[in-house]
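One structure below.
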There are 2 protein chains.
Amino acid sequence: MSGPQVMEQAPDAQEDPPLCRRDEDAKEGTQSSHRMLGFSDALLSIIATVMILPVTHTEISPGQDFDRSMQKLLATRIAVYLMTFLIVTVAWAAHARLFQVVGKIDDTLALLNLACMMTITLLPYTFSLMVTFPDVPLGIFLFCVCVIAIGAVQALIIGYAFHFPHLLSPQLRSSTHRTVTRQHILLLVLRGPALCFAAAVFSLFFFPMSYLLMVTIIFLPYISKASSWCRDRLMGRRQPPDHSVEIFTFDLHEPLSKERVEAFSDGVYAIVATLLILDICEDNVPDPKDVKEKFHSSLVAALGEYGPHFLAYFGSFATVGLLWFAHHSLFLHVRKATQVMGLLNTLSLAFVGGLPLAYQQTSAFARQPRDELERVRVSCAIIFFASIFQFAIWTAALLHQTETLQPAVRFGGQEHAFMFAKLALYPCASLLAFAATCLLSRFSTAIFHLMQISVPFAFLLLRLLVRLALAALRGLQSLRPAHLPPGRASESEPDAQAQLLPASC
Amino acid sequence: MSGPQVMEQAPDAQEDPPLCRRDEDAKEGTQSSHRMLGFSDALLSIIATVMILPVTHTEISPGQDFDRSMQKLLATRIAVYLMTFLIVTVAWAAHARLFQVVGKIDDTLALLNLACMMTITLLPYTFSLMVTFPDVPLGIFLFCVCVIAIGAVQALIIGYAFHFPHLLSPQLRSSTHRTVTRQHILLLVLRGPALCFAAAVFSLFFFPMSYLLMVTIIFLPYISKASSWCRDRLMGRRQPPDHSVEIFTFDLHEPLSKERVEAFSDGVYAIVATLLILDICEDNVPDPKDVKEKFHSSLVAALGEYGPHFLAYFGSFATVGLLWFAHHSLFLHVRKATQVMGLLNTLSLAFVGGLPLAYQQTSAFARQPRDELERVRVSCAIIFFASIFQFAIWTAALLHQTETLQPAVRFGGQEHAFMFAKLALYPCASLLAFAATCLLSRFSTAIFHLMQISVPFAFLLLRLLVRLALAALRGLQSLRPAHLPPGRASESEPDAQAQLLPASC
């Protein structure tokens, strides 16, 4: 499969000037990996998110009670969604690391990558089996087989890339310790599959042990992240690297590339926004027979029935869109995503993926008004957690601003204040809506819809207010001869934020 | 909404050196539009494709006949899918044109873009209404309202961008005919909505006329494309522009940016691949009760029942993955996508979007063996059309190779032959499978699965064969002192292809 005997070597590739690189690539059969990575990101983000569909499709017919078996089914599906989201994120992070090592691809690597993707798409199915049959070890066995297969394909990719060094990333291509590095990377890649092999063996006679091993594998990156973070805190931070020189290490603790974090997040937001319209189109077209019999052939009257659904749709689309907008604004200022930021982003995205559930909860009001209050509260909670983790990303970025932020935004001032205000909008609004439903429980639906529809206007108002504040600041500055020093501007942040927040909440 | 009175002007932005651009952007509040366009592409491609889900979810229970009402429902849903795909592609192309004019965005433009996306997501619903109630003008009226809303938002975007010229694309920013250009672009953007306004008026008293107008709007870009192409053919082509200088016009006939075509296509492939796993996870987990009663608690035996489904899944994922791979290889050589190539790409993608239908057809074999032959043929036809249009893209690209291809691949030779072989693989295989089912109708399923599983290996063999041929060619060249002239290499193309094809089919 790695076919080394027939491929032509091109040892002089790295000496060529960059202008000829494209021609050189065509001659060597190598390609920039940009598009393949984008496709993989899209695929993985959609797989991670799409498992929310079975959760939202858990139909409760009007006559049926929300009884124990129904609750169990729903809990099962939510568990599958969360586990899938987590494991796909872990697989995605491993994939991102792998292609930090492999800089260019050829056709064989593209095909191997497809094989890797195909194996990853089977993981959700093994979770479905595990959760549906918790007492049967087959699910965990199949899971382990999948992880081992993914590890094998990734090891093949690494072996192939190191065999043809012109495929490696430029820093690694010119490195002299290639063999040592290959051992190191292979060890990192095969660590998980090795644990899985043990888990697969255990699954044959004592499967609770397998579950324990599986949990270890899933949380391994996060545990090592957390421990390294704690160590940094306790031992004192080392000097952060200069931002103009990108230092390349093969450590799993290295920040992820910002582009891939963005691409993965975009995929999640896009699929969530689209699942909403799918529900609208599938469920909200009235039946021609019903229209004839119930509404005397008046389609407008029949559609009137679905009014609340459309309101819920507009509200949910606006929520997803504006959460994307906040994420987009946030990552404009970010240069690199640290481990903690990556974890916070994953948590935020997991809740964003839960938004179709919130939509289904709110659109189901019309059918079952009795559980209204609980449903509104679940929706508020999902929105709150999705947005508060975004806020946490920004806070985490500020803690290491020389490493994580763009130089232009490092010194605080109104850009910081504006960002805080933008990110605080949804947590405040959802918290407020939650509190309001406690006080005025009879109007909970109205409060929720009001919140969803007023927040976009708050975003627009926020812009105008910040611009007015900016203009006022400029006016003041033009009166005074000297500019404010950066330190002063940074200190004035909380005040500026305090001015802005009342307008937003 | 365009809030011109409070935003600070930055007329000196274009004089700054490019290194300071990012700092300058942060100060101005402008941003590169790259990520927003990627998100829009993902959103639009998913909306275009996801309407295949209602088609594949048309359940035919084992007892039920595939009768007239069922056929009508299926035909309705397929019509909605195709119309949605077409209109979303048109909207996407208009969006791509618009952001060739607008080079940078700020927060207001990002929010306007979200509003535009939200309106576009409502289009599938209007189609559902139109197709379900063909005699009621409400569907077409709502469609017109949506298109007018999209036009209004796009006009706002253009007005806003021209009011703050630092948001425009660099070529336009330094242009002296800005006012004339704005009028021209506004006219282009508002042409469709104006026709829709007429259609909306007609829908109130004579709605067949509205349908006619709607069809005109949808096909307007294609009609003008075709007519310009014919004119080019008849009048003789003008000199193609030099590839190093990107000439910017605001004509709708200008080629689309390759990046956006790729991003849109990737979205379609990614969602199609993922819809497959969704079906697997939702339908193929056995019921715990069934396992207990029918299979004596043996989960392995229960899963054995689903064997054909998994085979179909693997085959379909491999098909989608390899069609993506062929598309990826193809666009590596493409520099710009002409109008004809864009149209062919859309057609190919529409059939790729139909692949979940092919999957559902093949995985339904286990349940209903009687219609096997028709189903295999439908699947073969979908795969054939998806791949033959890819082949046609390459042929169309070759017709204008100085304009469309990368300089490195212009002169033919083995790269061309390899590309032809890659792209001919699926059309040949599906045609062969179709022909085989006519001769050996009893084994149609086996033939189809064999085809789906053998093609990936053919791809791998193809690589090895081409590499062997390359090595042989090099060996011959090293014997002869002179290289083959480019013209000769181009002429030897069909021969090389003829050598390669028998290995692939």
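Between chain B and the options T274(A), N113(A), L275(A), the largest number of non-hydrogen pairs under 4.5 Å is found for T274(A). For chain B, the option among V300(A), L322(A), L114(A) with the highest count of heavy-atom pairs below 4.5 Å is L114(A).
Contact of the D107(B) side chain with the F459(A) side chain is not registered, since no non-hydrogen atoms from C-beta on lie closer than 4.5 Å.
F310(A) has its ring centre less than 6.0 Å from the ring centre of Y125(B).
A distance of 11.0 Å separates CG of L37(A) from CG of D266(B), quoted to the nearest 0.5 Å. To the nearest 0.5 Å, atom CZ of residue F317(A) and atom CG of residue L43(B) are 5.0 Å apart. Atoms CG and CD1, on L332(B) and I105(A) in that order, are 7.0 Å from each other to the nearest 0.5 Å.
When each of H328(A), E259(A), H327(A) is checked for a side-chain hydrogen bond (donor to acceptor under 3.5 Å, both in side chains) with R35(B), only H327(A) meets the rule.
Proximity to chain B involves both the backbone and the side chain of I271(A), based on heavy atoms less than 4.5 angstrom apart. Proximity to chain B (any heavy atom under 4.5 Å) is restricted, for Y313(A), to the side chain, taken from C-beta onward.
Applying the ring pair (Phe, Tyr, Trp, His ring centres under 6.0 Å) test to residues at least two apart or on different chains, none of the pairs has a partner in residues 271-291 of chain B.
Using bins of under 30°, 30° to 60° and over 60° for the plane-to-plane angle, the ring pair F39(B)/W324(A) lands in the parallel bin.
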